[in-house]
2 protein chains.
Amino acid sequence: MDDVGAKKRRPGGRSAQVRARVQAAVIELLADSRLEEVTIPRVAERAGVHQATLYRRWGNIAGLVDDIVAERVGELAPIPDTGTLRGDLELAAVRFAEVIAPLGGIMIRAAALATPDADSSVTFHTRATQLQAMLDRAAARGEKAPTLTELLEGITAPLYFHELFFGRPADAEHARTLVDRLLIYVEASR
Amino acid sequence: MDDVGAKKRRPGGRSAQVRARVQAAVIELLADSRLEEVTIPRVAERAGVHQATLYRRWGNIAGLVDDIVAERVGELAPIPDTGTLRGDLELAAVRFAEVIAPLGGIMIRAAALATPDADSSVTFHTRATQLQAMLDRAAARGEKAPTLTELLEGITAPLYFHELFFGRPADAEHARTLVDRLLIYVEASR
DNA sequence: ACGTTAAAGCAACTATCTTCGCTTTTGATG
DNA sequence: CATCAAAAGCGAAGATAGTTGCTTTAACGT
């Protein structure tokens with residue numbers, strides 16, 4: 001996997017078009033069906049692509065979802081340095097909320113579909129490393145910073161949880177509320 | 001649903017045995033298979049029960065999982081009144097962690113499988129009501145209490161996602177840490 | 001004990017998913 | 001613009017999942 005998004009041959013070639021239509025179909029189905037109703041034949045039909053193509057290229061639904069998630073998570077990869085911990089956290093939280101929102105809970109479902117083996121999630125590990133770097137920057141500036149665990153549990157977990165249990169994504173305002181909460185705690189506990 | 005766990009007829013009757021064997025089979029499969037491999041026929045085979053029985057009683061995998069989760073969550077139903085908010089929270093958190101821990105991360109997958117419509121989850125709603133009552137008791141005693149959302153996001157969400165993020169369930173000590181964190185925040189923010 | 005009833009077992013049937021060999025299209029290369 | 005290779009389309013065969021009417025078992029009441 002060198003150039004997942006654009007593909008090797010051509011940006012607008014047939015393969016790329018198939019991929020785009022298939023990804024859209026998966027997201028639509030994931031958004032308004034129960035998980036077990038999201039099948040290769042149904043994705044193929046909605047995308048107007050032959051079943052055999054999907055089986056050959058992605059193998060199964062999990063493969064399809066992995067492909068989509070890897071691409072989306074890649075979009076929020078570089079966490080900008082705003083100069084303050086609060087700025088960094090708010091940006092990261094809001095962007096994360098925005099990315100998972102339109103995916104309508106597929107992030108969490110993707111996690112569910114993936115191999116039980118947690119370490120295999122390269123995507124997650126990469127993300128964690130980036131967040132840790134953000135915290136290190138804050139610490140270097142002398143700010144009181146939470147631990148990575150506190151960050152994941154205080155912000156990421158609630159954002160996931162929101163979608164899963166309330167059936168709707170958290171909005172940007174709520175994301176900022178979570179940051180606020182975390183910082184109040186950090187301030188009080190150090 | 002008056003007596004979910006024990007069933008109407010007999011605690012050790014045939015129906016109850018079937019149910020127990022089926023639940024065990026689901027949990028085993030959920031633990032060491034990819035989600036899409038968890039099917040009614042496979043559950044039936046592992047449980048030594050006829051497929052038709054499962055289709056008639058539970059309809060599909062989601063129904064099965066709902067049943068299991070409802071039972072497990074039901075086990076921690078009555079939240080004891082320890083006299084202090086901290087005591088109540090710690091007891092509730094630790095017991096919750098203990099209940100979901102042996103399920104080893106299947107809770108997340110189970111949640112993904114369960115009905116997407118969150119409000120329809122009677123179990124969740126019941127639980128939320130109980131927790132709210134606990135908070136009301138604390139408020140009546142004049143303690144500074146978190147909101148229900150703060151509780152769910154500060155304790156329940158991290159406990160659910162610990163497995164997903166860190167590959168292992170949260171233990172009792174971590175549950176208490178979460179309570180600590182929440183109370184520090186509440187104390188500082190009011 | 002005996003009859004009643006609800007749930008489980010059984011087996012055949014239908015529907016849906018998955019695979020496979022082959023043909024056709026399409027994008028890159030000379 | 002002719003050729004080659006990779007990927008998509010096609011359709012049929014095989015595997016698996018889901019359904020249904022009927023029979024059998026067993027828990028409960030009398």
Side-chain angles (χ1 to χ4, degrees), chain A residues 1-26 28-30 32-68 71 109 113, chain B residues 1-26 28-30 32-68 71 109 113-115:
Chain A
M1 283 196 200
D2 20 335
D3 195 5
V4 180
K7 290 280 81 179
K8 318 161 197 176
R9 286 167 173 251
R10 266 197 189 180
R14 183 163 68 160
S15 288
Q17 279 186 6
V18 163
R19 193 174 124 116
R21 286 216 304 272
V22 167
Q23 288 198 349
V26 171
E28 285 168 31
L29 281 174
L30 234 23
D32 51 42
S33 315
R34 280 176 305 132
L35 199 53
E36 60 195 359
E37 291 168 352
V38 183
T39 66
I40 297 278
R42 272 191 259 257
V43 170
E45 190 193 359
R46 185 176 282 241
V49 167
H50 197 87
Q51 300 183 2
T53 298
L54 305 198
Y55 281 115
R56 277 197 262 257
R57 248 180 100 166
W58 290 281
N60 53 33
I61 289 290
L64 264 170
V65 170
D66 283 346
D67 192 18
I68 294 173
E71 189 169 333
R109 295 202 167 93
L113 282 171
Chain B
M1 285 200 196
D2 21 334
D3 196 4
V4 179
K7 291 278 81 179
K8 316 164 198 173
R9 286 169 171 252
R10 264 199 190 179
R14 184 163 67 159
S15 287
Q17 279 186 8
V18 164
R19 193 175 125 116
R21 284 216 306 271
V22 167
Q23 289 197 349
V26 170
E28 285 169 30
L29 281 174
L30 232 25
D32 51 40
S33 315
R34 281 177 305 132
L35 201 53
E36 60 197 358
E37 293 169 352
V38 183
T39 65
I40 297 277
R42 270 192 261 257
V43 171
E45 190 193 0
R46 184 177 282 241
V49 168
H50 199 87
Q51 297 185 5
T53 299
L54 305 198
Y55 281 117
R56 277 197 261 256
R57 250 180 99 164
W58 290 281
N60 53 32
I61 290 288
L64 264 169
V65 169
D66 283 346
D67 192 19
I68 293 173
E71 186 168 337
R109 287 191 259 170
L113 269 178
T115 335

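Numbered from 1 within each chain, the chains take letters A, B, ... in sequence-line order. Side chains are part of it too, since the values below use all heavy atoms of this structure and drop only hydrogens, waters and symmetry mates. Only a predicted model underlies this, so the values are computations on that prediction, with no experimental measurement involved.
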Open item on the list: At less than 4.0 Å, is any side-chain N or O atom of S15(A) found next to OP1 or OP2 of dT26(C)? Yes or no.
Closed with: no
Task: Backbone N/O of S15(A) and side chain of R57(A): donor-acceptor pair under 3.5 Å - done: yes
Open item on the list: Determine whether a donor-acceptor pair (N or O, by modelled atom type, separation under 3.5 Å) exists between the side chain of S33(B) and the backbone of L29(B).
Closed with: yes
Task: pair Q23(B)-D67(B): side-chain heavy atoms closer than 4.5 Å - done: yes
Task: Contact check, side chains of E71(B) and R19(B), non-hydrogen atoms, under 4.5 Å - done: yes
- [ ] Please give the angle, rounded to 10 degrees, between the axes at the start and the end of the helix from dA1(C)-dT30(D) to dG30(C)-dC1(D), where five pairs define each axis.
- [x] 40°
Task: d(CG, L54(B); C1', dA7(C)) in whole Å - done: 13 Å
Task: Distance, rounded to the nearest Å, where E45(B) contributes CD and dT16(D) contributes P - done: 11 Å
TODO: Any salt bridge (Lys or Arg N to Asp or Glu O under 4.0 Å) involving residues 41-56 of chain A? Give me the pairs, sequence neighbours left out, ordered by first then second residue.
DONE: E28(A)-R46(A)
TODO: Walk me through it: do I61(B) and V43(B) pass the test side chain to side chain contact (heavy atoms under 4.5 Å, CB included)?
DONE: CA-CA 9 Å; I61(B) 290 288; V43(B) 171; 4.2 Å; yes
Open item on the list: Return a single string for nucleotides 17-25 of chain D, one symbol per nucleotide in 5' to 3' order, where B is base contact, S is sugar-phosphate-only contact and - is none, cutoff 4.0 angstrom on heavy atoms.
Closed with: SBBBB---B
- [ ] Would you name the heavy atoms of R21(A) and G48(A) that are closest together and state the gap between them?
- [x] NH2-O, 3.5 Å
Task: 4.5 Å side-chain heavy-atom contact, T53(B) and V22(B) - done: no
